[in-house]
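Okay, structure first, notes after.
Values below: all heavy atoms of this structure, side chains included; hydrogens, waters and symmetry mates excluded. Note that the structure is a prediction, hence the values are computed from the model and not measured.
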Amino acid sequence: MSTPTTRPLPNALAPNQALVLHPRDNVATALHLLAARQTVALQGEGLASTVVLRDTIGLCHKFALHDCAG
């Protein structure tokens, strides 16, 4: 899982780490193996932000961008 907040995209991050298919989605898809505690650049239409992961995310796996109730 990721932290519940996103941050502006720093210039030093590698692009194309995770893809958000729709601006209202609460999930992103990992485009690479992503490590726990890694700051990940989110890519999508009109989107330029980051999220810090709580867990390792496998290639092509989805992860939540915000905490989910439940």
Side-chain angles (χ1 to χ4, degrees):
M1 291 208 109
S2 54
T3 59
T5 58
T6 58
R7 299 180 179 97
L9 182 61
N11 291 335
L13 287 177
N16 302 320
Q17 293 178 310
L19 178 64
V20 179
L21 294 177
H22 191 277
R24 294 190 333 224
D25 281 348
N26 188 40
V27 296
T29 304
L31 301 176
H32 303 276
L33 175 64
L34 302 172
R37 296 178 301 281
Q38 178 179 351
T39 300
V40 174
L42 301 173
Q43 304 297 312
E45 186 176 335
L47 181 68
S49 61
T50 63
V51 64
V52 178
L53 300 176
R54 292 183 187 165
D55 301 309
T56 298
I57 308 296
L59 170 67
C60 296
H61 285 238
K62 291 187 184 331
F63 58 93
L65 298 176
H66 303 281
D67 284 339
C68 299

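The CD atom of Q38 lies 16.0 Å from the CZ atom of R54; values are rounded to the nearest 0.5 Å. Summarising the geometry, atom OG1 belonging to T39 is positioned 8.0 Å from atom CG belonging to L53; distances are rounded to the nearest 0.5 Å. Atom-to-atom distance recorded for T56:OG1 and L34:CG is 8.5 Å, nearest 0.5 angstrom.
A salt bridge is absent between D55 and R37; no separation between the charged side-chain nitrogens and carboxylate oxygens falls under 4.0 Å.
Taking all atoms of both residues into account, the shortest heavy-atom contact from A18 to A28 is CB-CB, 4.2 Å.
Between T29 and F63, the closest side-chain pair of non-hydrogen atoms is not below 4.5 Å.
Using modelled atom types, one side-chain atom of Q17 and one backbone atom of A41 make a donor-acceptor pair closer than 3.5 Å.
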Check: residues 19-27 side-chain donor-acceptor pairs under 3.5 Å, at least two apart:
from : atom 1 : to  : atom 2 : distance (Å)
H22  : ND1    : R24 : N      : 3.1
D25  : OD2    : H22 : N      : 3.1
N26  : OD1    : H66 : N      : 3.3

Inset, instruction - Apply side-chain contact (heavy atoms from CB on, under 4.5 Å) to L33 and I57, showing your working. - result: CA-CA 6 Å; L33 175 64; I57 308 296; over 6 Å; no
